[in-house]
Amino acid sequence: MRDIELRVICFNDFFSANLGDRLLGRCLHEGLRGELDGQVDGWDIDGKSEPASTAPSRPSKARAMILPLVPRRIKTRLNVRRARHRLLSEWQRAINGTPVSAIVVGGGHLLTGTTEYFPARLSAVGELARALGIGIHVHSVGVSHPDTWEAAAGEELRRFLEHSPIESISVRDEQSAEHLSRARLARNGISIAPDPGLLAARTFGVEKQSLSARFSVGLGIMSPAAVTNIRPEPSGITDAFWIDVARRISAAGGEVGLFTTGEAGDIRAARRVSELLSANGIAHTASGIAPKDDGDLVNNLSGFEAVLAQRLHASIISYALGVPSIGLGWDPKVRAFYRLTNRAEYFLDDRGARPEEAAARVLQAAREGLDEPHRAQQIEACHQSIRSLAAMITQGT
């Protein structure tokens, strides 16, 4: 093995506004660094070098007037071309002729064509790999249902999967494998590699810790707007739902803590819920509403006895820390995680979830805890998948 020459670039949504994305990127990056003796660079798939702005710049007045008139397919192709040109220029300057051994893309919900965002960036990664003459390893990615892909964005995603020098591909659950199959993009050798976020406790050196004399339940708040971006039906998880759940937990002797995974819309929604809880005389903590970074998010979640949340990575991180959770499903990927961890009974569809059921279930989860042998098995499977990825990279250099 040529250790000194080995250099791997690991692409992920490292500087996403959602700290869950940052966390899993860091877990994969650190996991690979621990298995490879060479250099492993973590690069943001959008070329960002700092956390994403919570206030994206608006288009000029003239551009804002013209954009709605441009057909969606043409708009997507222009956006893809512009992103690809920008990213390739930035990445090639950063590489500056230094040999690169392999590219890793993952984890996260990257194989999705609901917009052109990820297809455009994956297209740039594919072109970079071809220019460098190296292979791509797609690791532990989520795949959205092909019926949700926009036509032009889906075409770009298919082009990346069919024509890029992909040497291995793994998805994070059976549902993602099924979606690849439905899109007729399944290849021989696709494996299941659990989400890298399961290594959060190892990566951050944090485990579940009881910080309160009373049992504390974390309520992970998400903006209702996030749901309408995915599906036409509105979420049943309203402000009134959270108030009712918090009231029931408090009445049972529990302590309520609000948190988010850092999205700006989620933070606004959580602050609104906090104000309503105060107005209703319901005691709670709000220190976890706006975590400053992914490490802060992990520390916030480690202090709960149980968690009730909508965001997938709130459930994944909780599980990694040994904190039982209830998932409020708004996206099929949430249900898939609870199936993967043999906790399907702790998943509630957000469209029919009732506050009394959610409160009773999360209190039950706090009492029962987790199946620790199975959790250890899942975490080890995650670690083993990264070892296997490192071995494939080493063998290919």
Side-chain angles (χ1 to χ4, degrees), residues 11-22 24-25 44-48 51-59 63-64 66-88 105-127 138 141-164 171-172 175-176 179-180 182-183 185 222-235 261-266 310-313 330-334 336:
F11 283 103
N12 196 279
D13 207 9
F14 279 107
F15 291 113
S16 166
N18 186 332
L19 295 175
D21 293 327
R22 291 194 223 172
L24 70 90
D44 184 86
I45 200 166
D46 188 43
K48 294 186 286 289
S53 168
T54 55
S57 58
R58 295 181 178 180
R63 190 163 180 260
I66 294 172
L67 280 176
L69 305 177
V70 180
R72 183 67 198 176
R73 182 178 295 272
I74 294 175
K75 193 186 302 182
T76 295
R77 287 176 177 168
L78 290 172
N79 288 340
V80 168
R81 188 177 303 169
R82 184 162 50 244
R84 187 168 55 219
H85 175 76
R86 171 178 64 85
L87 292 169
L88 281 171
V105 176
H109 205 62
L110 302 184
L111 297 188
T112 177
T114 51
T115 72
E116 75 270 7
Y117 183 84
F118 284 121
R121 284 137 188 87
L122 291 169
S123 172
V125 171
E127 201 157 315
V138 179
V141 292
V143 185
S144 63
H145 197 294
D147 288 353
T148 67
W149 299 354
E150 290 186 348
E155 285 177 10
E156 284 298 328
L157 191 55
R158 290 174 184 277
R159 192 172 293 115
F160 166 74
L161 290 167
E162 292 174 346
H163 301 296
S164 298
V171 294
R172 66 185 177 194
Q175 176 180 270
S176 293
H179 288 172
L180 268 187
R182 281 179 177 268
L185 293 171
M222 186 180 79
S223 169
V227 176
T228 56
N229 290 335
I230 297 293
R231 66 173 198 224
E233 309 99 318
S235 174
T261 58
E263 286 273 7
D266 295 357
Q310 290 175 277
R311 289 284 183 190
L312 172 61
H313 276 92
W330 57 287
D331 188 303
K333 64 187 180 183
V334 182

For Trp330 and Ser235, indicate whether the former's side chain and the latter's backbone hold a donor-acceptor pair under 3.5 Å. no

Side-chain heavy-atom pair Gln310, Val334 within 4.5 angstrom cut-off: no

When rounded to the nearest 0.5 Å, the distance separating CG of Leu111 from CZ of Phe160 is 7.0 Å

Going by heavy atoms in the side chains, are Ile45 and Asn12 under 4.5 Å from each other? no

Atom pair CG/CG of Leu161 and Leu122 - distance to nearest 0.5 Å: 7.5 Å

No-hydrogen, no-angle side-chain donor-acceptor test under 3.5 Å, Thr261 and Asn18: yes

Stacked cation flag Arg121 on Tyr117, 6.0 angstrom / 45 deg: yes

Do we see a donor-acceptor contact under 3.5 Å between the side chains of Ser123 and Arg84? yes

Step-by-step side-chain contact (heavy atoms from CB on, under 4.5 Å) determination, Met222 to Val227: CA-CA 9 Å; Met222 186 180 79; Val227 176; 3.6 Å; yes

May I ask you to test the Asp266-Arg311 pair for a side-chain heavy-atom distance under 4.5 Å? yes

Taking every non-hydrogen atom, the tightest pair across Ala153 and Gly113: CB-O, 3.4 Å

Using a distance-only test with no angle check, is there a side-chain donor-acceptor pair under 3.5 angstrom linking Arg158 and His163? no

At what distance, to the nearest 0.5 angstrom, does NZ of Lys333 lie from OG of Ser176? 10.0 Å

Heavy-atom closest pair, residues Ser144 and His109: CB-NE2, 3.7 Å

Ignoring hydrogens and geometry, is there a side-chain-to-backbone donor-acceptor pair from Asp44 to Phe14 under 3.5 Å? yes

Closest heavy-atom pair, Glu156 versus Pro119, reported as atoms and distance to 0.1 Å, is CB-CB, 3.7 Å

In terms of side-chain heavy atoms, does Thr112 have a donor or acceptor partner in Trp149 at a distance below 3.5 Å? no

So Val143 and Gln175, do their side chains get closer than 4.5 Å, heavy atoms only? no

Check whether any side-chain heavy atom of Thr114 lies under 4.5 Å from a side-chain heavy atom of Glu150, and answer yes or no. no

Any Glu263 side-chain heavy atom under 4.5 Å of Ser223 side chain: no

Should the heavy atoms of other residues, nucleotides or ligands under 6.0 Å from CZ of Arg86 be counted, would the total exceed 12? yes

Determine the minimum heavy-atom distance between Arg172 and Gly142, stating which atoms define it. NE-CA, 3.6 Å

Side chains of His179 and Asp147, heavy atoms from C-beta outward: is any pair under 4.5 Å? no

Can you measure from CG (Leu24) to NE2 (His313) and round to the nearest 0.5 angstrom? 4.0 Å

